[in-house]
Each structure stands twice: as structure tokens, then as C-alpha cells.
Amino acid sequence: MKAIYLSKLIAVSTLLFAMTFLSSCKDSENSIEEPGTEIDGGENENPAGNFDHQVTQPAPGGNTSDGGPQAISNITPVSGVPLVRLNNGVMMPRFGLGTQVQNMEGANQRQQLNETVRGMIISALQSGYRHLDDAMFYYNERGAGWGIKESGIPREEIWVTSKISGDLADAQNAFEGMLKRLQVDYIDLVYIHHPAGTLEDILACWRVMENEYKAGRIRALGISNFDNRMEAFNYVMQNAEIKPQVAQIECHPLAQRKEARQLYADNYDIQVECWYPLNHNRGDVNNAILRQIATAHGKSVYQIILRWHMQEGLCPVPGSTNPDHILENISIFDFELSDEEMSVIHAIDLGDAGRSFNISYGNGNFGNFQDYTYDHTYTPTAIKSVQI
């Protein structure tokens, strides 16, 4: 493996040198961008391309006369983040904040965890984020809900995601609990977090999500980590009345997940969203090729990785508890990676060997959710004194 990686490194280093030389010889007309239909922010000088999906699925709220609670949604492009049209016609911001803080998920840390996430969300929303990625098993939905309330940003302008996990046969109660903890009337995107449990229970959970979608309390349906259990994916696709709009996978430059992305995006027109997009565990941020590209653009390696995601048509949701890093992560819409640079990054893919997580799933539940408390009083001036 080391020998293979070294040979790749030498090859891409040579290509990087060549592309740097060639780029200086390009005519200025080559920098003209073709217009696309994907909506991006008015201040975005470097759109990330058009990756809109064909509308093949019914719109949410179909069983209501007025679209249900989700009808008030008013998602617009902010801070240069492009919107992508999902396969149900709903527009989603293609960049978001991941809210998991794994090292605080212990049962005796829930107060600190939720206070931290409250501050993260206020900071992110004030920095221009409008997409928040949460989950019931992150044990921080209560803090997230308060962060949304205290951010000063109207709920209808925020894309809120959460995920059902644990006892999928009890999905209706799980969904009601998510609404209560987040203090919202609808959730923009709900995933089945893990394809764990019997196929019958997974489908029963999907039926609950479909019903809430029709009632207008969910705007888009998603599957997460289903590429690790194809029988569950196939079972849902064969039996679902409403097909998924989004699929979430681990993806980053060292594990570009080409087969999973082709399965979802190319074969089923499902938008791919990426958790753990910076891959701190396995060294993407220390990769020599990425560091050279970062230096050339005057950007951080993190920003290069996230810009790569955007130009690949992906939806990354990086997380951070540091307000400076939160702002840094979203500050990627004032530059563009060249075709040569994208090719160089493609060449460092290690396939499955580059993954940090590769979980096997079966018929057992993925843990048991235990509800928790978060002692907090509404703070109207929270946006002026975020402490993380």
C-alpha cells in the first residue's frame, strides 16, 4: 500500500507541476464560466456548477390542501452557497454544518454538549450557513433547537436535517420526539440514520417518513450509510412509494466513493451528501498534494477539500465547535479549482482503504435512544455573546 501511494504521489506531483506551468499560459477567455440553472448567492463569483436533479417524485404535503407546515419554507441562497433542486422539486443548500460532537456524547455531558451545539449553531447561522445536519443519536437536538431560536434567523429560512435511529419499529414516536426537541413544526430532511434492523422494520420506518412527508411535516427523505448494506437499499427502493431525495455517505479525497456515488446520483438521481468530509483521522489535511494546491490559492487545506466537494456536485456538512473554523469552512466561494487541480485530487483516491469508518449492519438495532434534559432559558441577546 505504501509503495502504491508513493507512486501516486510522484505521479500527481509531476502533474501538479505541469498544470501550474500550463495554467500561466492560458488565454483569459478560458476563465469564462458557462451559466447554469443551479441557484447560487448573488455575491458568489465562482459558482460550483449545475447539479440540479430531474423532478420525478411528488412534492411534500400532497395529502394536505395547503402543503402542511413545510409550506412556509423560504430557503434562499446565502453567502454564495448554491441551492440544488432535489428530485422532488425542493431546493436545498448544498453546504451545511455538521453538529455531532462525539467526545461530549457521554450521558453525564449532555448539558455541556447541548450548550456547545447551541453556540455552534448561532455562530454558523450568523456566518451565513442555512443548512444544519443533526440526528437524534447526536443527543444535541435540544441545544440545536435553542440555537435556531436564538440565532435571529427565521426558522423558515433554515434547512434542518435530523435522523431516525435505534428501534425503527418505533419511528413515529422517534419523529415526534425530534420535532419536540428541535422546537419545530416540520423538518426539512429526515434520514434513516443506519440500515440496522430487520428489513421489515426499515421499511416500516420509511412508511412513517412517507406519511409525514405527505402531511407536510417532512420536506425530503433520505438514507444514510445504506451503501454498507445493499439488501436494505434494494428493499427500500423496491417497496418505497416515495423514493429518497438524498443519500449520505462518508466521502473525502482519500475515499472518493465513486461506486456509491454512481449508484445514488447516476443510477437513481439521488443527491449525495457527505459526512466527515474533511477526514481528520486519516490525514487528508496533511496530504502533500492538497497542501501544494492550498498554497497556490492562498487557502487552507480544509478549504481546498470542501471546494473539491462542491465542484464534484456533493453536499459536504463539516462540523466544528470553533467559530473561526466555522467561518473558514464556508469561505470557499471566492475561488475555483482548475480542471487540472481536480484531476490531481482524483488521483489521490485510495478507495475503501482510505475510509475512516466502514460499519457492517445486520438485523439488530443500532443502539437504544435515551432521552435527556437540557436546562436552558431563552436568551434574546445570545447572538451577541456566543461562548463555545
| Pick from Gln57, Met92, Met91, Arg219: which one makes a side chain to side chain contact (heavy atoms under 4.5 Å, CB included) with Leu86? |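 Exactly one candidate clears the test, Met92.
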| note | Heavy atoms of Pro244 and Asn87 approach each other most closely as O-ND2, 3.0 Å
| Looking at Leu189 and Gly222, what are the two nearest heavy atoms and their distance? | CD1-N, 3.9 Å
| query | For Gln245 and His53, does a side-chain donor sit closer than 3.5 Å to a side-chain acceptor? | reply |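 Per modelled atom types, Gln245 and His53 side chains form no pair under 3.5 Å.
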Is the gap between the ring centers of [X] and [Y] under 6.0 Å?
X      : Y      : value
Tyr191 : Trp275 : no
Tyr361 : Phe226 : no
Tyr213 : Tyr186 : no

| Ring-face cation of Arg142 near Tyr372 (centre distance under 6.0 Å, axis angle within 45°) | yes
| Checking side chain to side chain donor-acceptor pair (under 3.5 Å) against Tyr374, which of Gln111, Glu115, Gln112 comes through? |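 The passing option is Glu115.
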| said: Show, in sequence, the C-alpha distance, side-chain angles and deciding distance for Met104 and Asn140, and conclude whether the side chain to side chain contact (heavy atoms under 4.5 Å, CB included) test is met. | reply: CA-CA 10 Å; Met104 292 186 185; Asn140 63 31; over 6 Å; no
| Does any non-hydrogen side-chain atom of Gln303 lie less than 4.5 Å from one of Ser331? |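 Yes, side chains in contact.
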| field | Of Phe137, Tyr138, Phe369, the residue whose pairing with His193 passes ring-ring contact (aromatic ring centres under 6.0 Å, His included) | value |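 The single option meeting the ring-ring contact (aromatic ring centres under 6.0 Å, His included) with His193 is Tyr138.
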| Run the salt bridge (Lys or Arg N to Asp or Glu O under 4.0 Å) check on Glu176 and Arg181 step by step: do they pass? | CA-CA 9 Å; Glu176 300 293 346; Arg181 289 186 294 273; over 6 Å; no
| request: Could you label the plane-to-plane angle of the His346 and Trp308 rings as parallel, tilted or perpendicular, counting under 30° as parallel and over 60° as perpendicular? | output: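 Aromatic pair His346/Trp308 classed perpendicular.
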| query | Can you name the one residue among Glu312, Glu273, Glu250 that meets salt bridge (charged side-chain N to carboxylate O under 4.0 Å, His left out) with Arg261? | reply | Glu312
